[in-house]
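Structure, as structure tokens:
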There are 4 protein chains.
Amino acid sequence: MRVRDDTKINTIFEATTALTSEVGLNRLTMSSIAQRAKMACGTLYIYFDSKERLLNELYMHLFVGSTLSILPSIGHLPLKKQLSIIWSKVLWFRVTNSSEVIFMHQFRYSVYASEETHKLDDQFVGFIKNLLGQGKEELIIKNIDSDLIIPLFYGYANNLARQMAMDEVEITDEIIDQTFHLCWDAIKS
Amino acid sequence: MRVRDDTKINTIFEATTALTSEVGLNRLTMSSIAQRAKMACGTLYIYFDSKERLLNELYMHLFVGSTLSILPSIGHLPLKKQLSIIWSKVLWFRVTNSSEVIFMHQFRYSVYASEETHKLDDQFVGFIKNLLGQGKEELIIKNIDSDLIIPLFYGYANNLARQMAMDEVEITDEIIDQTFHLCWDAIKS
Amino acid sequence: MRVRDDTKINTIFEATTALTSEVGLNRLTMSSIAQRAKMACGTLYIYFDSKERLLNELYMHLFVGSTLSILPSIGHLPLKKQLSIIWSKVLWFRVTNSSEVIFMHQFRYSVYASEETHKLDDQFVGFIKNLLGQGKEELIIKNIDSDLIIPLFYGYANNLARQMAMDEVEITDEIIDQTFHLCWDAIKS
Amino acid sequence: MRVRDDTKINTIFEATTALTSEVGLNRLTMSSIAQRAKMACGTLYIYFDSKERLLNELYMHLFVGSTLSILPSIGHLPLKKQLSIIWSKVLWFRVTNSSEVIFMHQFRYSVYASEETHKLDDQFVGFIKNLLGQGKEELIIKNIDSDLIIPLFYGYANNLARQMAMDEVEITDEIIDQTFHLCWDAIKS
DNA sequence: CATGAATGAGTCTTCATTCAT
DNA sequence: CATGAATGAAGACTCATTCAT
């Protein structure tokens, strides 16, 4: 029997990511994905119930791999260090995986994004909120509603990465340092 | 095409904006726009050559109205004041016109956005770049590549406004002050 | 403006009926209907929301035209006469409209048939049940549960017409007489 | 193909019959049959060349088991007795095997029914025709073209059984008696 | 100008059948 | 024999655009 091949899911994910960054989510069709992944159109439906599920699972896969997975391991570090690591991690991922970021960006606010997917984001935001809460208690960072701070990190990271991807700028440790300093200066008390 | 009947064009623009914020750009159809604008589908094509042109013209209209139009009148003011006015202006517009912002956000990175439209953004970015350049010369702000600074303003504003729109938070002068201070602390030298 | 053309519905109905009798309900596709009706595939969807609705409306149209429409006008006649007229009417229709009957037959028990459609049949059955009830009171026909009698008329008519259509037998008044007599002898007391 | 493993073939037949009565012939898929029969999709093709053959063989199996098999053994009985036995046999089968009847009914006039299958019916009809021919010679039954009589039996049985299955009516000897009397009164001279 | 019916290419999805294991 | 992943042609339906009125 032809055994179910889990690397196929990765092939599909890669094809989807690449295509989205090339032609955009609007022109992304199931048959173009299949063609790019060198498989039949129907094969996609063996691994994913629908286009919507495929995109959502891809998003979750990328989000977990790029962001969520680092959170638990850094809980013991000092606040600024934690933020700095997250910033670095997120930025590295975003800049070195520009196709993935384009996909995530386009998907994020599309009609395809499900409840379930939005909750992932909330999980991440919740973690950061906690961190900021601590910082405020320790009087390290400004006493401002976290909902006004998080969009700075989030929006900045997204936009910076997107811009760098488009301009084909190489990311360096210096850039990460400089940009993190901007953020830190913004919020430190 | 394109006859002067600004009333009709505005009706079309409003219908498009409202619909996009309700159902998303992916599900925005020409006939749904027509229906919402209480006119026939074919009438849209009297004023716009294609869907693509309609969306691009709407984007330009909103962008000019919300941002570009204020730039020339504030050139004589001091740097920080200028940035503060722009920030306030942009944020006010974005928060009080949430449908418009949702449209702009979804359109901005869609397949519909044309070269011409992207150049508008560049115009705005160019202005800010200039401003930052002056600031650096006057040693008021950090000596960092402007391409690393602008995404902070741009991304923050977008994301903050979007978040506030979703959470239905009222904007106040206090919020504008607080958030601008974050930005300023980030870049001041 | 191209005015909405109600004869188009008839064209669609005719194409559907003819095709079903030729290739069967299973192979009936929307595009084959469109092709036969000499219009574009999308045009069908101007007049009918879906394939299911198209088929249901066609069935109702045929059922009303062939059967239901005669019922009200004969209420004053004697029982046997009424039954005889209905029998004649139904048989004539079924034999002279063989395509229609094939469609009705295939549709009747298909997955497409909706609740609404089945209720039409019930209406007809209810009328006959009434008639039989009267006959039993007047001691003209056998005192047997009507649910055991009606399938005789219904099944016989369907099957006879189908058989005659397939054998390409011409219907005559004699055949109608003979077959009605069979029915009548079956139920008269 | 077609190896002797009657257990498996029966499992397939039962799954097919049950599924058809539940979801209809239109929604009957090979993989749903396989799933219901607890085997792999490809296994079906070891026993049957195609979906069409599977359905035809099932129909023939049911038809022979329900009807054809009794014919030879009753040739010596008097006419009315023969008809009565057949009627009883057919009705019993149809009512007590409602899934099977639904399958037969839906299959009978579908695109899947082959020539070969239709000939089975003819065989049965031929037998009945013979019987009626005898009856006419003996002046027991009306001198009417048998093609006008057979649909009465055939259509009545089908429809009655279907109705009873849907209404979940229990069949009794009384009902069989009553309905046969209707038939007999219809045709006796 | 305005209308909205008509078009048909293109989309997602299904499913009978094949075939490598 | 048995499996079930893989195939790809075909179906229902959508929608930007055109055009007769």
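In what follows, chains are A, B, ... by sequence order, proteins preceding strands, each numbered from 1. Everything numeric here is computed off the predicted structure, so don't read it as measured data.
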At under 4.0 Å between heavy atoms, how does the protein contact nucleotides 7-14 of chain E? Give one character per nucleotide, 5' to 3', with B, S or -.
BB--SSBB
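Atoms CZ (Phe48(C)) and C1' (dT14(F)) sit 18 Å apart, rounded to a whole Å. Separating the CG atom of Asn26(A) from the P atom of dA16(F) is a distance of 11 Å, rounded to the nearest angstrom. If you take CG of Leu25(C) and P of dA12(F), they are 11 Å apart, rounded to a whole angstrom. Rounded to whole angstrom, the span from the CZ atom of Arg53(D) across to the C1' atom of dT17(E) amounts to 17 Å.
Not a single ring-ring contact (aromatic ring centres under 6.0 Å, His included) links Tyr47(A) to another residue, sequence neighbours left out. In terms of the side-chain hydrogen bond (donor to acceptor under 3.5 Å, both in side chains) criterion, residue partners of Ser99(B) (sequence neighbours excluded) are, by chain and number, Ser21(B). Qualifying side-chain hydrogen bond (donor to acceptor under 3.5 Å, both in side chains) partners for Gln123(B), counting only residues two or more places apart in sequence or in other chains: none. Checked against salt bridge (Lys or Arg N to Asp or Glu O under 4.0 Å), Glu52(D) has no partners two or more places apart in sequence or in another chain. With sequence neighbours left out, Thr7(A) forms a side-chain hydrogen bond (donor to acceptor under 3.5 Å, both in side chains) with Asp5(A).
Contacts classified as salt bridge (Lys or Arg N to Asp or Glu O under 4.0 Å) and involving residues 17-44 of chain B (residues at least two apart or in different chains) are given here: Glu22(B)-Arg36(B). Applying the side chain to side chain donor-acceptor pair (under 3.5 Å) test to pairs two or more places apart or on separate chains, none has a residue in residues 10-20 of chain A.
Side-chain contact annotation: Asn26(B) with Ser110(A), donor-acceptor N/O pair under 3.5 Å absent.
Looking at DNA chain F, the stems built from 3 or more consecutive Watson-Crick or G-U wobble pairs, each pair with its key distances under 3.5 Å, are E:2-21 with F:2-21.
Residue contacts shown for Tyr47(A) are limited to sugar-phosphate atoms, with no base heavy atom under 4.0 Å away.
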